[in-house]
Amino acid sequence: MAATAYRDAEDAGWRAASAEESAPAPQPAESGEGVSWWPLALSETLKRDKPLGVSLGDRRIVLWRDAQGEPQAMIDQCAHRRVPLSMGRVTPDGMLQCGYHGWCFEGGTGRVRRIPNLLDQQRFPPIYRAQSYAAHETGGFIRVCLNKDAPPPPPSPERLPLHGTTTVALGHEHYVAMLFDDPSRLINIPGVRITEYLDSDLGLTAGVVSLDRHCARRWSLKPDRERSRFPFLLRVQADLTTGETTVRLLNDRSREVSRIDLAPTPGARGTTSVNWRATAGRPSPVRLGRSTPAIKVRTDLDAASIAGADPVVSVQFETKMQAKS
Amino acid sequence: MVGNAAAASAPRDYGHGPAAPRTSILLNTWVCICHIHLITTKPLSRLVNGAHCYLWRDESGLIHATEYYPGATTSASFSKSAMTQGTGRYTTVEAFGFVWLWYGYPEAADEGLLPDIPYIPRGGGVPRHMHSTQLFRCSAGLAIENLLDLTHADFLHSYITGDDESESDEVSVEFTSETVTMIREQKRKKTPQFMRLMGVKESHVSFRGIVHVIIRSGVAHAFGRFTPGFVSPVFAGHVGENSMQSRLNSTLHPWDSPALFKAVFPRMSPMVGKQDDVMFGPQNPRYLNPRATRDLHSPFDGAGNRYRELFGKIAARQEAGDLSYGSDAKVGGSLAELFQMKPL
């Protein structure tokens with residue numbers, strides 16, 4: 001790299017920034033916050049050569065893979081001129097390079113490591129960095145924690161083969177509540193009717209709430225309330241902080257028929273982004289077409305029906321949490 | 001409860017930036033409002049700092065610039081602002097193929113303050129394809145800062161200007177109370193692809209780029225010279241329409257270049273502008289956020305930061321009632337010497 005002379009350097013804020021070098025480095029704003037790991041993306045969508053912009057509420061976050069393929073996360077805003085870093089690229093040595101003026105950021109620390117055209121020996125004061133977050137990859141999800149000191153998330157035993165992402169115009173909190181109040185408005189199981197009758201009380205263990213619900217065959221004409229037995233059970237288990245939910249369809253011998261892992265995260269403007277992974281449904285006899293999940297996520301929510309649905313189970317969330325604490 | 005952590009704390013990533021680009025334009029200056037050839041008998045609407053300006057020709061071909069839509073003079077639909085002394089008619093001058101509008105108090109209008117464009121004949125007459133007008137999704141200040149740090153071209157416009165690799169790369173900044181000049185000298189950089197297409201055979205070229213900004217008016221000259229290669233002068237008249245949008249009236253007149261370059265280079269302007277606008281769109285709202293963090297800077301931002309500082313000083317003086325130009329202003333003087341050329 002060529003040497004650069006800059007006669008007006010004192011005007012660039014360079015010296016002022018250097019003077020701040022002796023001051024303690026700014027602490028991450030989120031260090032006092034919780035240790036929730038938000039599954040913001042699917043492993044497959046985060047490529048090695050291209051950063052990915054995601055949202056957690058109104059907070060824009062950029063994800064990328066470093067030289068070792070490990071996921072990294074940072075605020076999606078260049079500390080230099082505020083353009084989204086997700087419009088940039090990943091350098092061969094695994095740094096995130098802004099697409100505007102080429103500033104390079106290191107994963108983990110978020111520090112500026114390179115500014116193009118500058119001297120070979122570049123050293124930057126600690127203030128030269130952007131807010132970075134902890135990132136981890138488990139179970140086919142890229143998880144981000146706003147608190148960099150948080151312990152890593154527990155490993156996920158399996159990675160379900162089918163996956164997808166959908167964004168719905170329903171707030172995150174309401175989405176998770178609706179999975180308990182009436183999951184049929186959010187998911188669809190071909191051939192299966194999710195009833196309003198429950199097979200358990202709302203349980204809470206280690207921040208995870210769970211509920212079993214009876215399911216009938218869709219074409220069965222017998223009214224649900226007159227049934228003595230049901231062929232299926234829908235088990236919904238959700239982390240109440242992140243809303244990460246596992247939905248299992250069990251048969252009458254309590255064997256798992258199908259499963260979907262839902263990772264709803266707060267999206268921008270009150271929406272919810274739902275990353276999901278699922279087991280495949282039963283293949284068609286003629287084996288045509290691609291495998292599809294047995295439990296499908298609804299993308300076209302009926303807003304009027306959702307608005308008209310009274311909270312049934314979710315009214316107990318707060319009470320349960322308080323009782324536990 | 002559910003999802004409370006993320007959404008509630010998001011704005012903390014932003015903070016207030018003391019040195020943000022300016023969103024308005026200053027008073028008592030000539031604004032490059034429109035290309036002359038675009039003005040017809042059908043009124044053309046332009047915005048200056050949120051105020052409407054209608055431009056049209058009458059039957060005799062005379063150009064008018066008014067605060068009101070022609071024919072609406074009897075209604076009270078237009079504001080009789082001090083900019084027009086209550087007449088509704090702006091003071092204008094035609095020069096270099098543009099209509100220049102005096103944005104300020106008419107009694108102070110001074111043609112001696114009209115910016116010089118040495119690479120465009122005063123009487124205009126430059127071919128139509130060398131003119132262009134485009135809208136940017138950002139304030140005029142942000143668009144001007146974009147020009148003042150040419151290192152962005154190494155990434156956004158590398159096809160035309162080449163990448164960031166060179167044997168040496170020197171940047172210097174000069175300024176008066178009303179102007180900022182950034183000079184960038186690159187030695188032995190790889191010949192840009194575009195220059196190869198235009199017939200430059202050498203593997204490496206040198207580049208000297210001068211960006212000269214007249215702060216009050218939003219006028220910027222980006223005068224590039226590739227050696228071996230061609231001269232690529234860009235006149236950029238920025239009009240701050242509001243805090244979220246600006247209009248660029250530009251003329252690219254490489255008078256001293258082969259016919260192929262003359263034909264093709266000016267037509268690259270919309271493409272380059274589009275690339276810049278890709279950045280401006282998401283960038284500008286982040287400067288309007290009242291909870292924004294401070295920008296970090298590199299030595300290449302010296303010119304842009306000087307621009308922010310001088311703009312702030314002029315704005316502060318104007319707020320205090322002082323609209324005068326300093327003795328060192330050099331706003332209307334010839335720029336031929338700066339660009340090392342003979343005026344056309």
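Just so it is clear: chains get the letters A, B, ... in the order the sequence lines come, proteins before strands, and each one is counted from 1.
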Visitor: On a heavy-atom basis, which atom in B/Tyr287 and which in A/His80 lie closest, and how many Å separate them?
Guide: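 Result for this residue pair: OH-O, 4.2 Å.
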Visitor: Please round to the nearest 0.5 Å and tell me the distance separating atom CD of A/Gln77 and atom CD of B/Gln283.
Guide: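 Reported value, rounded in 0.5 Å steps: 9.5 Å.
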Visitor: What residues, two or more places apart in sequence or in another chain, satisfy ring pair (Phe, Tyr, Trp, His ring centres under 6.0 Å) together with B/His221?
Guide: B/Tyr119, B/Phe235, B/Phe339
Visitor: For B/Leu156 and A/Gly99, work out which heavy atoms get closest and say how close.
Guide: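 Answer, listing the atom of B/Leu156 first, then A/Gly99: CD2-O, 3.9 Å.
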Visitor: Testing the basics here: between A/Arg81 and B/Asp301, what is the closest heavy-atom pair and its distance to 0.1 Å?
Guide: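 That closest heavy-atom pairing would be NH2-CG, 3.4 Å.
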Visitor: Which residues pass the salt bridge (charged side-chain N to carboxylate O under 4.0 Å, His left out) test with A/Glu106, sequence neighbours left out?
Guide: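 In terms of salt bridge (charged side-chain N to carboxylate O under 4.0 Å, His left out), with neighbours along the sequence ignored, A/Glu106 is linked to A/Arg113.
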Visitor: Please classify the contact between B/Gln186 and chain A as side chain, backbone, both or neither, with a heavy-atom cut-off of under 4.5 Å.
Guide: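 Side chain only.
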Visitor: Could you check if a side-chain atom of B/Arg286 sits within less than 4.5 angstrom of a side-chain atom of A/Pro84, using non-hydrogen atoms only?
Guide: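 In short, these two side chains touch, coming nearer than 4.5 Å.
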Visitor: What I'd like to find out is whether the side chain of B/Pro282 reaches to under 4.5 Å of the side chain of A/Met87, using heavy atoms alone.
Guide: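 Side-chain contact under 4.5 Å: yes.
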Visitor: Counting only heavy atoms from other residues, nucleotides and ligands, does the tally under 6.0 Å from NZ of B/Lys189 exceed 12?
Guide: yes
Visitor: Would you name the heavy atoms of B/Phe300 and A/Pro116 that are closest together and state the gap between them?
Guide: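 Here B/Phe300 and A/Pro116 meet closest at CE1-O, 3.5 Å.
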Visitor: Is the backbone of B/Phe155 close enough, under 3.5 Å, to the side chain of A/Tyr100 for a donor and an acceptor to pair up by distance?
Guide: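 Between the backbone of B/Phe155 and the side chain of A/Tyr100 there is no qualifying donor-acceptor contact (under 3.5 Å).
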Visitor: What are the two closest heavy atoms between A/Ile127 and B/Leu296, and how far apart are they?
Guide: O-CD1, 3.7 Å
Visitor: Taking NZ in A/Lys50 as the centre, count heavy atoms belonging to other residues, nucleotides or ligands within less than 6.0 Å. Is the count above 12?
Guide: yes
